[in-house]
Number of protein chains: 2
Amino acid sequence: MVRRTRAAMEATRATLLATARRVFGERGYADTSMDDLTAQAGLTRGALYHHFGDKKGLLAAVVEQIDAETDLRLQAISGTAEDAWQGFCDRCRAYLEMALEPEIQRIVLRDARAVLGGTLPNSQRHCIASMQRLIDNLIQQGVVAQADPRALALLIYGGLAETAFWIAEEDDGNVRLAQGAAALKLLLRGMLVEPGSS
Amino acid sequence: MVRRTRAAMEATRATLLATARRVFGERGYADTSMDDLTAQAGLTRGALYHHFGDKKGLLAAVVEQIDAETDLRLQAISGTAEDAWQGFCDRCRAYLEMALEPEIQRIVLRDARAVLGGTLPNSQRHCIASMQRLIDNLIQQGVVAQADPRALALLIYGGLAETAFWIAEEDDGNVRLAQGAAALKLLLRGMLVEPGSS
DNA sequence: ACTGATTCATACGGGCTGTATCTATTGCCC
DNA sequence: GGGCAATAGATACAGCCCGTATGAATCAGT
């Protein structure tokens, strides 16, 4: 199969990305061989190293894609709410549920941190940045108490990710999901200027 | 160097563990070769595979050790406080600072999750279990609102870990540490039965 | 149509992991 | 105290995987 039109070239990149996303999600980054992965995509490692540089580069591209999608899905939730505070709470809850999806859990929350570094400078940027903006707005509106929005966003985001692992290890996670959501509600109300009114 | 007394055997294990702890902390798990590691300990891989089974087993033992030490250090803090709630807050703050230490950050928070699994069933158990017990007591005393202690502990623990990465990436993390601690204080007060009184 | 650049395949070298084998010493039991 | 099983740990081996270097085929521009 040797086709090299401009369209076919971008198709190659997309195929590689989609295959990597699937295989990384199933087997994890470390247990995935680049020979197997490219073979499943009907290509060889030559294409991969040309488009993504190395294995880490491929993972970074996958994480970038997942993060962008996740952020879009979350914005659809927090954007529709009438009340800004309620929209924020809904978004947190929605993230907790999305963090249960095997793809996000394994690729973004497990492998990406170890391979790409602690803070994930480029990727996973959108989700946290969006949450930070939401918080910032709430502070401006006088709903949330004065604090660094970034610190708050990270505190919440990290907590949700950790809790998601705990929920996901249970066969029927519905009980734990409810418990996690309830506990989340408690912590979130502390951010309010008037915590008692929640 | 062939010495095989019972004492020397345990010394071998301890040497391997200490070397692994140092090298994993410096270079990270993935970039550490077992040949190099054992050579630095004055041994060969034969000893390593005999005592720990495989590379993951060695990491698990290191994490176990670090977690136990961390828990002891934290208990020393929360145990001395007069007020149980204040002791709990101090412990959270202390954990935030300890999560800045390169050894804990790289080995426990970065590599361990990816290599050993999301929830770290055995290791890292002590720290969270202790925090869970503290929360449980506070709920029993009517200080903290009714909620699942485990979910609360994970929410806080995960948030602190994530925030620690953000603090550590800054050269002088004192500003961010203060911001993180302030944001933490907000979230924690939400747990109280009477959040306004904090 | 010719030239340079690009896409992707193939071939190669090096390193790392895990296992199997082997030796020597230790502890146990008589 | 001597023989024997068990174990600590070194050495050798096979296999896998990654990254790079090389090469061929096609596309773009003039």
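Quick note on labels: first sequence line is chain A, next is B, and so on, each numbered from 1.
Side-chain contact between Arg110(A) and Tyr29(A): absent, with no pair of heavy atoms (C-beta onward) separated by less than 4.5 Å.
If you take CG on Leu17(B) and CD on Glu64(B), they are separated by 10.0 Å, rounding to the nearest 0.5 Å.
dG19(D) atom P lies 9 Å from atom CG of Leu48(A), rounded to whole Å. Rounded to whole Å, the distance from CG on Asp35(B) to C1' on dG15(C) is 9 Å. Rounded to an integer number of Å, the gap from CG of Asp31(B) to P of dT17(C) is 11 Å. One interatomic measurement links the two molecules: CG of Leu37(B) to P of dT17(C), which rounds to 9 Å at whole-angstrom precision. Between Glu10(A) atom CD and dC8(C) atom P there is a gap of 10 Å when expressed in whole angstrom units.
No side-chain N or O of Arg22(B) forms a donor-acceptor pair with one of Thr19(B) less than 3.5 Å apart. Side-chain contact of Gln86(B) with Asp90(B): a donor-acceptor pair under 3.5 Å is present, judged by distance alone.
Within the 4.0 angstrom heavy-atom criterion, only backbone atoms of the sugar-phosphate kind lie near Ser33(B); the bases stay farther away. Thr32(A) comes within contact range of the sugar-phosphate backbone alone, with a heavy-atom separation under 4.0 Å but no base atom that close.
Between the side chain of Arg45(B) and the base of dG18(C), at least one donor-acceptor pair of N or O atoms lies under 3.5 Å.
Checked for salt-bridge contact, Arg73(A) and Glu69(A) miss the test: no charged N lies under 4.0 Å from a carboxylate O.
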The test is salt bridge (Lys or Arg N to Asp or Glu O under 4.0 Å); show your working for Asp171(B) and Arg176(B) and say whether it passes. CA-CA 10 Å; Asp171(B) 291 339; Arg176(B) 290 188 174 180; over 6 Å; no
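The shortest distance between the side-chain N/O atoms of Thr12(A) and the OP1/OP2 oxygens of dC8(C) is below 4.0 Å.
If you check dC18(D), dA10(D), dC8(C) against the side chain of Ala47(B), the one that comes closest is dA10(D).
Scanning residues 49-58 of chain A for heavy-atom distances under 4.0 Å to DNA chain D yields Tyr49(A), Asp54(A), Lys55(A).
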